[in-house]
Amino acid sequence: MSFNQIYKARQFDLSGLTGISDETLEMHFKLYEGYVKETNNLTERISKFLQDGKVDQEEMPAYSELTRRLGFEYNGMVLHEYYFENMKRQGAGDPAPASAFRRAAEASFGSYETWKADFVGIGKMRGVGWAICYQNPSNGRLSNHWITLHETGNVSGFAPVLVMDVWEHAFLLDYKPAERPKYIEAFFSNIDWDVCDGRLTATSNAQAS
Ligand SMILES: [Fe+2]
């Protein structure tokens with residue numbers, strides 16, 4: 001199998017979102033495709049170091065650099081897929097009262113509003129990265145996290161439930177750099193809460209904090 005075919009860019013039909021232009025999405029899909037391509041490329045280049053069954057000492061600097069970049073590219077690919085997947089045209093804004101997500105947020109934060117205040121607060125943090133709501137599969141608990149770049153801050157083994165890109169490229173064609181709150185508001189109006197409910201795996205075990 002060709003290394004360039006290990007991962008293929010997925011297609012997302014998202015035109016007509018509220019407050020996030022088709023122009024932004026087209027640019028963003030291209031960026032995402034770059035992460036897919038680079039994940040495949042790095043995997044192939046690293047495999048060449050391994051062809052003789054070992055990593056020679058003189059190969060170590062190049063091998064190390066490529067391997068460090070692999071974490072960035074891999075997470076860049078996967079997080080964009082979660083992000084695009086958890087949006088749809090004419091989203092509902094906030095999750096339905098009886099939805100699995102709302103119940104999990106209430107069990108973990110006391111109320112959905114408190115969960116949202118935390119998630120939106122993280123989205124407004126200065127820096128380059130993501131706001132992600134994860135579920136701990138061992139107890140169903142939700143927690144929100146700031147991810148720097150694509151790879152720093154992800155909690156190992158936790159399942160992403162809601163993923164929001166807050167790199168400036170996600171909104172700069174539609175809003176000014178200081179208008180990130182407006183983009184976050186637009187993002188919420190496009191959330192596909194059914195997808196988020198489907199990502200929850202252990203809500204029945206969720207414990208109030
Ligand atoms: Fe992005």
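Please read these numbers as outputs of a predicted model, since none were measured by experiment. Each ligand, and each atom within it, is numbered from 1 in the order the structure gives.
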Count the heavy atoms of every other residue, nucleotide or ligand shown that sit under 6.0 Å from CZ of Arg89, and state whether that count exceeds 12. yes

So which of Tyr35, Tyr74, Tyr83 actually passes ring pair (Phe, Tyr, Trp, His ring centres under 6.0 Å) with His150? Tyr35

Measure across Thr24 and His169 and return the closest heavy-atom pair with its distance rounded to 0.1 Å. CG2-O, 4.2 Å

Does any donor atom in the side chain of Asp165 or His80 lie under 3.5 Å from an acceptor atom in the other side chain? yes

Considering only N, O or S atoms, which atom of His28 is nearest to the Fe ion (ligand 1)? NE2

Restricting to N, O or S atoms, which atom of His169 is closest to the Fe ion (ligand 1)? NE2

For the Fe ion (ligand 1): the N/O/S atom of His80 at shortest distance: NE2

Atom of Asp165 nearest the Fe ion (ligand 1) (restricted to N/O/S, atom name only): OD2

